[in-house]
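What you see is a predicted model; the values in this text were computed from it and never measured. Positions are given from 1, in the same order as the sequence printed here.
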Amino acid sequence: MTKSPEIVIFFTGGTIGMSPVEGKEGVAPGGNFEGLLNQLAPQESEVVLRPVLWSDKPSPHMTPADMFRLARDVEEALMEESVLGAVVLHGTDTLVETAYMCDLVVHSDKPVILTGSMRYYSEAGYDGIRNLANTVRACLLPLPPGIGACILMTDRIFAAREAVKVNSLNVDAFESREAGVVGYVAGESVLLARRHSTPNPRRKISPPAIEPNVPLLTAYTGIDRSLVDHARSRGAKGIVIEGFGAGNVPPSMVEGIEACLEAGLPVVLATRCIEGGVWPIYGYPGGGADLYAKGVILSGRLGGPKARIRLMCALGLTSDPEEIRALFEEA
């Protein structure tokens, strides 16, 4: 007997399932997944929703190892012929990092769409039901080939590679780095943006495991080499640095970076800026061109958190700095 088409819904936790805690301040995981699914209406009558209670964690509690394991579980589910796509319900604080992990690790071209909510389960104006319903609808679309994992929040679909959380409180909390949205919700329909019909090829990485010991350091004015030295002394296998502008750091940081490179540690340079990315423009000490010439890897348009995820995956495949550089230049 042929199985009915299915969409697998992975619940990992987050504000979308949280409620106030009696006698305490604030909200916390509340075990509301079943209630959330029961409110999901109307459902596509020809599609079965298969719930997976994967965890019930606030997203700051998600580790890179959790994200990698989740991506592998999503990939396994999508291998089933009856499964049309996967929805992941997740906290918004680290949503873009988990989405990018799925974008790298999941090789299936079936839809993988992540969502959450900015308001908790019993709060007025709760956005979780609408986001979940729209995400299920989006899974039934023929998304642009090669678009990879996506995030759907507040009626807009973002590619995981481009999405960034820009507001800590507003319901409309996500934007895209320059490329615009993949699609948007209009009434009961989900429409694709025309300019995303032929996206750039998605580069996938399939390590058997990831390397978790990759710190992310943010440059600040007057920073010296001590944080870089500390990371190296504590056994870091690679380092990501968020610099200024197009990828520049204070000169007092450079000797620490050079020591890492001499020890064979890959150093990836990102930027604190939301748009523009990293480019080898400046040749002064600590400038992006100067660091690139020394062997630092540039993250391109990837922000620091996503560059860290990519470096973890790359180190799961190889420790050769030139091979890792190639994996970044393909991003």
Side-chain angles (χ1 to χ4, degrees), residues 7-17 36 54 57-60 62 64 66-67 70-71 74-75 78 85-106 108-119 127-141 143-144 146-185 190-193 195-196 199-200 202 204 274-275 301-310 331:
I7 294 175
V8 183
I9 302 179
F10 291 86
F11 181 77
T12 69
T15 303
I16 194 168
L36 180 60
W54 196 86
K57 293 184 176 184
S59 68
M62 289 285 286
D66 291 333
M67 296 172 185
L70 174 63
V74 169
E75 172 81 348
L78 295 178
V87 168
V88 178
L89 305 184
H90 194 286
T92 61
D93 283 356
T94 62
L95 180 62
V96 295
E97 287 162 86
T98 296
Y100 186 60
M101 181 71 83
C102 289
D103 190 71
L104 287 175
V105 172
V106 176
S108 173
D109 285 327
K110 294 179 180 179
V112 178
I113 308 180
L114 294 86
T115 193
S117 69
M118 293 297 294
R119 293 175 178 164
D127 52 324
I129 295 296
R130 182 175 180 87
N131 286 341
L132 174 55
N134 287 337
T135 304
V136 170
R137 292 189 188 108
C139 269
L140 302 175
L141 284 176
L143 291 171
I147 197 65
C150 293
I151 290 172
L152 191 155
M153 291 288 295
T154 328
D155 295 352
R156 295 186 293 168
I157 305 172
F158 306 96
R161 284 164 283 175
E162 294 288 340
V164 59
K165 187 176 181 180
V166 297
N167 195 293
S168 62
L169 295 174
N170 288 353
V171 172
D172 193 8
F174 287 78
E175 290 293 343
S176 176
R177 287 178 180 264
E178 302 173 304
V181 298
V182 175
Y184 54 92
V185 178
V190 182
L191 307 177
L192 295 179
R195 69 199 199 90
H196 273 277
N200 293 328
R202 178 164 65 111
K204 306 164 190 173
I274 293 176
E275 297 182 349
R301 295 185 182 276
L302 290 179
K306 291 179 187 174
R308 177 173 176 257
I309 293 293
R310 192 171 189 89

What's the separation between atom OG1 in Thr115 and atom CG in Asn134, rounded to the nearest 0.5 Å?
8.0 Å
Return yes if some donor-acceptor pair links the side-chain N/O of Thr135 with the main-chain N/O of Ile113 below 3.5 Å, else return no.
no
Go through Arg130 and Val185 one step at a time and tell me if the side-chain contact (heavy atoms from CB on, under 4.5 Å) criterion holds.
CA-CA 10 Å; Arg130 182 175 180 87; Val185 178; 4.2 Å; yes
What is the minimum heavy-atom distance between Met118 and Val171, and which atoms define it?
CG-O, 3.7 Å
Give a yes or no on whether a salt bridge exists between Arg301 and Glu162, defined as a side-chain N under 4.0 angstrom from a carboxylate O.
no
Point-to-point distance, once rounded to the nearest 0.5 Å, from CZ of Phe158 to CD1 of Ile151
8.0 Å
Look up atom CG in Leu143 and atom NZ in Lys110, then write down how far apart they are to the nearest 0.5 Å.
13.5 Å
Show the nearest heavy-atom pair for residues Ala138 and Leu152, with the distance to one decimal.
CB-CD1, 4.0 Å
Distance check, rounded to the nearest 0.5 Å: His90 atom NE2 versus Thr98 atom OG1?
3.0 Å
How close do Leu36 and Gly128 get, heavy atom to heavy atom, and via which atoms?
CD1-C, 4.5 Å
Heavy-atom check, side chain of Thr154 versus side chain of Asp127, under 4.5 Å
no
Which of these passes side chain to side chain contact (heavy atoms under 4.5 Å, CB included) with Ile309: Val105, Leu302, Leu104?
Leu104
Heavy-atom closest contact (Leu70 atom, Phe10 atom, distance)
CD1-CD2, 4.2 Å
What is the distance from atom CG of Leu140 to atom CD1 of Ile7, rounded to the nearest 0.5 Å?
4.0 Å
Val74 and Trp54, any side-chain heavy atoms less than 4.5 Å apart
no
Tell me the closest heavy-atom pair linking Pro144 and Val182, and the distance in Å.
CD-CG1, 4.3 Å
CG/Asn131 to OG1/Thr92 distance, rounded to the nearest 0.5 angstrom?
10.0 Å
Could Asp103 and Lys306 be called an ion pair, given the rule that one side-chain N must be under 4.0 Å from one carboxylate O?
no
Could you tell me whether the side chain of Glu175 reaches within less than 4.5 Å of the side chain of Ile274, counting heavy atoms only?
no
Nearest heavy-atom pair of Cys139 and Ala86: which atoms, and what distance?
SG-O, 3.7 Å
What I want to check is whether the side chains of Asp172 and Asn167 have a donor and an acceptor closer together than 3.5 Å.
no
Could you go step by step and tell me if Tyr184 and Asp155 meet the side-chain contact (heavy atoms from CB on, under 4.5 Å) rule?
CA-CA 5 Å; Tyr184 54 92; Asp155 295 352; 5.7 Å; no
I need the single residue from Arg310, Arg308, Arg161 that forms a side chain to side chain donor-acceptor pair (under 3.5 Å) with Tyr100. Which is it?
Arg310
